[in-house]
Amino acid sequence: MIYDRSDDGVRLTMTDTSGVPETFVLVGNLGEYRVCVAAWRTQEEIGARFDGRARAGREPA
């Protein structure tokens with residue numbers, strides 16, 4: 001679940017963050033995606049910044 005989102009990053013909550021890699025792709029409901037890099041994590045939350053080299057957009061066909 002996404003709790004906070006800004007132009008720079010996002011805070012996600014889930015039951016266990018141990019399976020989430022340091023760099024991951026966050027995909028939205030409409031196929032939008034952002035490359036994220038974990039900045040911090042607890043057992044149930046991840047704070048991640050959006051990778052500045054990637055832009056928001058739709059996945060390539």
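Treat the numbers as computed from the prediction; the structure is a model and nothing was measured. Residue indices begin at 1 and follow the sequence shown.
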Search all heavy atoms of Val25 against all heavy atoms of Tyr33 and return the closest pair with its distance. CG1-CB, 3.9 Å

Does Thr13 reach the main-chain N or O of Glu45 with its side chain, forming a donor-acceptor pair under 3.5 Å? no

List in chain and number order the residues that pass side chain to side chain contact (heavy atoms under 4.5 Å, CB included) with Ser18, two or more places apart in sequence or in another chain; answer none if no residue qualifies. Asp16

For Phe24, the option from Val37, Leu12, Val35 that meets side chain to side chain contact (heavy atoms under 4.5 Å, CB included): Leu12

Quick one: salt bridge (charged side-chain N to carboxylate O under 4.0 Å, His left out) pairs with a partner in residues 17-29, sequence neighbours left out? Glu22-Arg41

Linking I/L/V/M/F/W/Y whenever their side-chain heavy atoms sit closer than 4.5 Å, directly or via other members, would Phe50 and Ile2 fall into one cluster? yes

Apply side-chain contact (heavy atoms from CB on, under 4.5 Å) to the pair Leu26 and Glu32, showing each step before the final yes or no. CA-CA 8 Å; Leu26 182 64; Glu32 297 174 311; over 6 Å; no

Using every non-hydrogen atom in the two residues, find where Ile46 and Met14 come nearest and quote the distance to one decimal. CD1-CE, 4.4 Å

Steps toward side-chain contact (heavy atoms from CB on, under 4.5 Å) verdict (Arg5, Arg34): CA-CA 12 Å; Arg5 183 177 177 171; Arg34 296 294 299 257; 4.2 Å; yes

When every non-hydrogen atom of Thr15 is compared with those of Glu44, the smallest separation belongs to O-CG, 3.8 Å

